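Take a look at the structure set out below.
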Protein chains: 2
Amino acid sequence: MSQVPQISDAEWEVMKVLWSSSPRTANEVVEALEAHTDWNPKTIRTLLSRLVQKQAISYSQEGKVYAYFPVVSEDECVKSETASFLKRIYGGAFKPLLVNFLKEEKLSPEDIKELKVILDDKSKE
Amino acid sequence: MSQVPQISDAEWEVMKVLWSSSPRTANEVVEALEAHTDWNPKTIRTLLSRLVQKQAISYSQEGKVYAYFPVVSEDECVKSETASFLKRIYGGAFKPLLVNFLKEEKLSPEDIKELKVILDDKSKE
DNA sequence: ATTGATTGATTACATATGTAATACTTTATT
DNA sequence: AATAAAGTATTACATATGTAATCAATCAAT
């Protein structure tokens, strides 16, 4: 059973808003998204509806309006998306992605230090 | 200009076949995919056509049939897909993905060693 | 109470994708 | 040469997605 529903790109933006803080009314979501998108409020309401249908979020009647909140955790979704991404692109293996991208990406010395600490911790498990 | 076209999940499987060895005729692609998919040959031909339209692949008349080959490199595509994945899920930052997944994934001691070596090399740059 | 504004529900429409079937051409076979 | 087989091109159709508009219900203001 696939715990988490398929969440599209646009829907994902809405989820991020709700994950960062919820419950929020449709208007609050619209406001939050105005900053970095130019979506019509109608569009955002459509996305909210679709996410409700998909049972990615839900809502409660707060006073006169709906207040939306996630029912799937960011963690679950990130994990699931990453897994399907890895499967698709790298045949499911995590290390090739790491190797590939560690080489490509610009990481600050601090980042590198942090990652090494994590790796050290893992060796001790 | 987005160098690489959008390649869907199903199309990606076809690309992988052609990246692994090309040119190949439609039939050869079908054969290669029979192993791990149950797609109808007609479906695979549709995917080939769409990839031609998208200019992800091209073909030449080899004898009596077409021989398909990629015109976009796997590297480009992987890079582009990974970038859009990162943007979507992690807001474009690579490190959070790393941190998240280094914690989650089971990596062998050898893997960890290898990754540390890469990180060490990077510190020296 | 009626009217206008706001919110929520329903409908719309184009493009993408999964998944083929059908039609048309060219090659091979009798 | 006529027909069958194989390959290519065109068409099909449902679901997903981006992107709203319109309709209906509710709340607020006169």
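What you see is a predicted model; the values in this text were computed from it and never measured. Order of the sequence lines sets the chain letters (A, B, ...), proteins ahead of strands, with each chain counted from 1.
Between B/Glu31 atom CD and D/dA6 atom C1' the separation is 15 Å, expressed in whole Å. When the P atom of C/dG8 is taken as reference, atom OH of A/Tyr59 falls 9 Å away, rounded to whole Å. Taking atom CZ on A/Arg50 and atom P on C/dT10, their separation rounds to 14 Å, with Å as the unit. As rounded to whole Å, 12 Å separates atom C1' of D/dA16 from atom CG of A/Leu47. Atom CD1 of A/Ile44 is separated from atom P of C/dT7 by 13 Å (rounded to the nearest Å). Here C/dT17 presents its C1' atom at 11 Å from CZ of A/Arg88, a figure rounded to the nearest Å. Separating the CD atom of B/Gln61 from the C1' atom of D/dA9 is a distance of 14 Å, rounded to the nearest angstrom. In this structure, the CZ atom of B/Arg45 is 10 Å from the P atom of D/dA9, given to the nearest Å.
One finds no side-chain N or O of A/Asn27 lying less than 4.0 angstrom from the OP1 or OP2 phosphate oxygen of C/dT6. Residue B/Lys54 places at least one side-chain N or O under 4.0 Å from the OP1 or OP2 atom of C/dT17. Checking the phosphate oxygens (OP1, OP2) of D/dT26, no side-chain nitrogen or oxygen of A/Tyr66 falls inside 4.0 Å. Checking the phosphate oxygens (OP1, OP2) of D/dA20, a side-chain nitrogen or oxygen of A/Thr43 falls inside 4.0 Å. Neither OP1 nor OP2 of D/dT8 sits under 4.0 Å from any side-chain N or O of B/Ser49. Dashed line: the shortest gap from a side-chain N or O of A/Lys64 to OP1 or OP2 of D/dA28 is under 4.0 Å. One finds a side-chain N or O of A/Trp39 lying less than 4.0 angstrom from the OP1 or OP2 phosphate oxygen of D/dT19.
Between A/Asn40 and A/Gly63, the residue anchored nearer the 5' end of DNA chain D, judged by the nucleotide with its closest heavy atom, is A/Asn40.
Taking 3.5 Å as the limit, the base of C/dA20 and the side chain of B/Thr46 contain a donor-acceptor pair of atoms between them. The base of C/dT7 does not come close enough to the side chain of A/Lys42 for any donor and acceptor atom to sit less than 3.5 Å apart.
For A/Asp9, the listed nucleotide lying nearest its side chain is D/dG18; candidates were C/dA21, C/dG8, D/dG18.
Taking both residues in full, the closest heavy atoms of A/Arg24 and A/Ala32 are given as NH1-CB, 3.5 Å, listed atom of the first, atom of the second, then distance.
The line from CD1 of A/Ile112 to CD1 of B/Ile118 is 11.5 Å long, rounded to the nearest 0.5 Å.
Under the Watson-Crick or G-U wobble criterion, with both distances below 3.5 Å, D/dT30 is paired with C/dA1.
Residues B/His36 and B/Glu13 meet the side-chain proximity criterion, which asks for heavy atoms closer than 4.5 Å.
Other residues, nucleotides and ligands contribute only 12 or fewer heavy atoms inside 6.0 Å of the CD atom of A/Gln55.
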Take A/Thr82 and B/Tyr90 through the side chain to side chain contact (heavy atoms under 4.5 Å, CB included) test and state the conclusion after the steps. CA-CA 10 Å; A/Thr82 306; B/Tyr90 291 93; 3.6 Å; yes

